[in-house]
Amino acid sequence: MKIESQIQVASAANRFDVYAGGAESAVFFAGERKVLSIGRIRTGKFDESLGLAEKLRRHMANDALSAAMDSENVIPFGCEYRVKRHWKLAGNIVELTDDIAADNGGRISDLTLEDITFHGQAVKVDILFAGEDTCREFAAEGMIYDGGILPVLVKVTFADGSAAEAYSGDDFWRHLCAATYAGGRAHHTIAVQDGAIVWRRQVLTVPEETEVEKRPWRFKSIFAVSGGNEMVPGGSMVTFDGCFAAAAKHRDFRSFIRKQPAGSSVAVTVSGGVFCSDGSHVSRPGKEVLHGMFGEIFDEYIWGGSAMARKGGSLVINSDIPAASGSVILKNMGRPAAELSFADMEEDFE
């Protein structure tokens, strides 16, 4: 069965490449300049970059405002770990869903997610840590961070004024999984290495004597680079306050979009915080479960933009979230999504 070696998705300003094999799973380019790269998963002594690629396929939405890619790789050692990725791209933003499982019934007791590398002459790094309400600013030099607290949002600003960002997805509780096991720990480092800034994400390691359940793992992450399309002022405006992960917010948002007339420009503002602990928003009513909402906003940015495009209109989503006021992800959603194309134009194979 033949699979593609890579997929290229291009917008007017940027290009996103996804690879079937190799040390990098994907790369964001601005023009021809590599800006942000996403590595491979490691579990125990095994590195996914040494594994076998079994699937890489693509899908473009009919309106060309979003694209999706799926890949599957197997590490043919030990418990034969399987890594499935789903990429969702729009508006210079990509959301990654990782699914990791041990095919032969093994336990995953040591897991490092993909290294995230920011390429270019960096001038500063802003980090929002789990549980904090403001970003901390660091100089782009040496060891920037070394610790067990989860960096929820990492933004790197380059000398030319452009920026790139990585976000730990809305499922913070999954990234904090080490705390659920006796002796479990996480270890994150953000450091300058070979002229780039590298975020290493070891989310779980437990002592050998600690019992770890047999289960698959799922983690989400979101990445973004500075956009190139111009801001378009919105016409109809509305504000949604509170956690956008709540099902009621999605219902209200979609109801609002459906009522908009043909040809209209719509501007939605989302107001609230980065963190929420209401478990009912993630199907765990009555429990405190730490989660975010950037991914939920991104979902509606894609859905709403497509719905408005069918009406000959457009959508932007602005944000009033003080803890992430400079977020590259949120700023990109303040512009209508530009059309995408599969730049390599190869035939699809599954």
Side-chain angles (χ1 to χ4, degrees), residues 7-16 18 28-31 57-70 86-95 165 170 222-242 244-272 293-321 327-345 348:
I7 293 172
Q8 297 179 344
V9 188
S11 66
N14 300 309
R15 193 181 88 228
F16 185 69
V18 178
F28 253 125
F29 293 88
R57 66 184 182 187
R58 62 180 77 192
H59 171 72
M60 181 77 78
N62 290 335
D63 55 20
L65 296 180
S66 64
M69 292 74 69
D70 293 286
H86 178 71
W87 307 90
K88 184 167 58 179
L89 176 67
N92 302 308
I93 305 165
V94 65
E95 182 181 67
E165 184 172 281
D170 291 343
I222 301 180
F223 312 96
V225 296
S226 296
N229 44 332
E230 294 297 320
M231 299 288 286
V232 176
S236 301
M237 294 180 286
V238 66
T239 297
F240 292 90
D241 190 19
F244 207 77
K249 301 293 182 186
H250 291 275
R251 289 195 299 268
D252 292 346
F253 174 87
R254 296 196 174 198
S255 176
F256 172 76
I257 293 296
R258 291 186 179 106
K259 293 175 183 176
Q260 299 311 301
S264 60
S265 298
V266 178
V268 170
T269 297
V270 176
S271 180
M293 60 177 179
F294 285 16
E296 301 283 352
I297 301 171
F298 184 49
D299 286 344
E300 298 299 10
Y301 175 73
I302 292 175
W303 181 89
S306 180
M308 291 308 304
R310 290 194 297 271
K311 299 181 181 186
S314 63
L315 168 73
V316 299
I317 298 182
N318 300 307
S319 64
D320 182 16
I321 302 175
S327 166
V328 181
I329 296 166
L330 297 180
K331 283 187 175 181
N332 272 318
M333 286 190 279
R335 306 178 180 92
E339 287 192 5
L340 302 170
S341 64
F342 287 127
D344 49 357
M345 297 297 292
D348 293 343

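Sequence positions, counted from 1, serve as the residue numbers for this chain. Because the structure is predicted, anything quoted here is derived from the model rather than measured. Excluded from the calculations below are hydrogen atoms, water molecules and symmetry mates; all remaining heavy atoms, backbone and side chain alike, are included.
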**Asked** Has the side chain of Q260 got a donor or acceptor atom that lies under 3.5 Å from a matching backbone atom of F256?
**Response** yes
**Request:** Would you name the heavy atoms of N92 and S11 that are closest together and state the gap between them?
**Result:** OD1-OG, 3.6 Å
**Item:** Check: D320/T269 side-chain N/O donor and acceptor closer than 3.5 Å
**Value:** no
**Request:** Go through S66 and K88 one step at a time and tell me if the side chain to side chain contact (heavy atoms under 4.5 Å, CB included) criterion holds.
**Result:** CA-CA 7 Å; S66 64; K88 184 167 58 179; 5.9 Å; no
**Prompt:** Does the side chain of R251 come under 3.5 Å of the side chain of S255 through a donor N or O and an acceptor N or O?
**Reply:** no
**Request:** Would you name the heavy atoms of A337 and G91 that are closest together and state the gap between them?
**Result:** CB-N, 4.2 Å
**Request:** Kindly determine whether M69 and V9 satisfy side chain to side chain contact (heavy atoms under 4.5 Å, CB included), including the steps that lead there.
**Result:** CA-CA 10 Å; M69 292 74 69; V9 188; 3.9 Å; yes
**Worked verdict on E165 versus S327 for side chain to side chain contact (heavy atoms under 4.5 Å, CB included)** = CA-CA 7 Å; E165 184 172 281; S327 166; 2.7 Å; yes
**Message:** Would I257 and E300 count as a side chain to side chain contact (heavy atoms under 4.5 Å, CB included) here? Give the steps.
**Reply:** CA-CA 10 Å; I257 293 296; E300 298 299 10; over 6 Å; no
**Item:** Check: A224 main-chain N/O paired with N332 side-chain donor or acceptor under 3.5 Å
**Value:** no
**Asked** Looking only at atom types and distance, does a side-chain atom of D170 sit under 3.5 Å from a main-chain N or O of M293, one as donor and one as acceptor?
**Response** yes
**Prompt:** OG/S264 to CG/L315 distance, rounded to the nearest 0.5 angstrom?
**Reply:** 9.5 Å
**Prompt:** Does I297 offer a backbone N or O that forms a donor-acceptor pair with the side chain of K249 under 3.5 Å?
**Reply:** no
**Message:** Counting C-beta onward and ignoring hydrogens, is there a side-chain heavy-atom pair between V268 and F240 closer than 4.5 Å?
**Reply:** yes
**Asked** To the nearest 0.5 Å, what is the distance between CD1 (I302) and CD (E95)?
**Response** 7.5 Å
**Request:** List in chain and number order the residues that pass ring-ring contact (aromatic ring centres under 6.0 Å, His included) with F16, two or more places apart in sequence or in another chain; answer none if no residue qualifies.
**Result:** F28, W87
**Message:** Please find the pair of heavy atoms, one from S226 and one from N14, that lie closest to each other, and give the distance.
**Reply:** O-ND2, 3.2 Å
**Request:** List the atom of I222, the atom of I93, and the distance in Å for their closest heavy-atom pair.
**Result:** CG2-CG2, 3.6 Å
**Message:** Under the rule for ring-ring contact (aromatic ring centres under 6.0 Å, His included), what residues qualify as partners of H250, not counting sequence neighbours?
**Reply:** F244
**Request:** Write down the atom of M60, the atom of A67, and the distance for their closest heavy-atom approach.
**Result:** SD-CB, 3.9 Å
**Complete:** Between the CG atom in L89 and the CZ atom in F298, the distance rounded to the nearest 0.5 Å is 6.5 Å
**Asked** Between S306 and D63, what is the shortest heavy-atom contact and its length?
**Response** OG-OD2, 2.7 Å
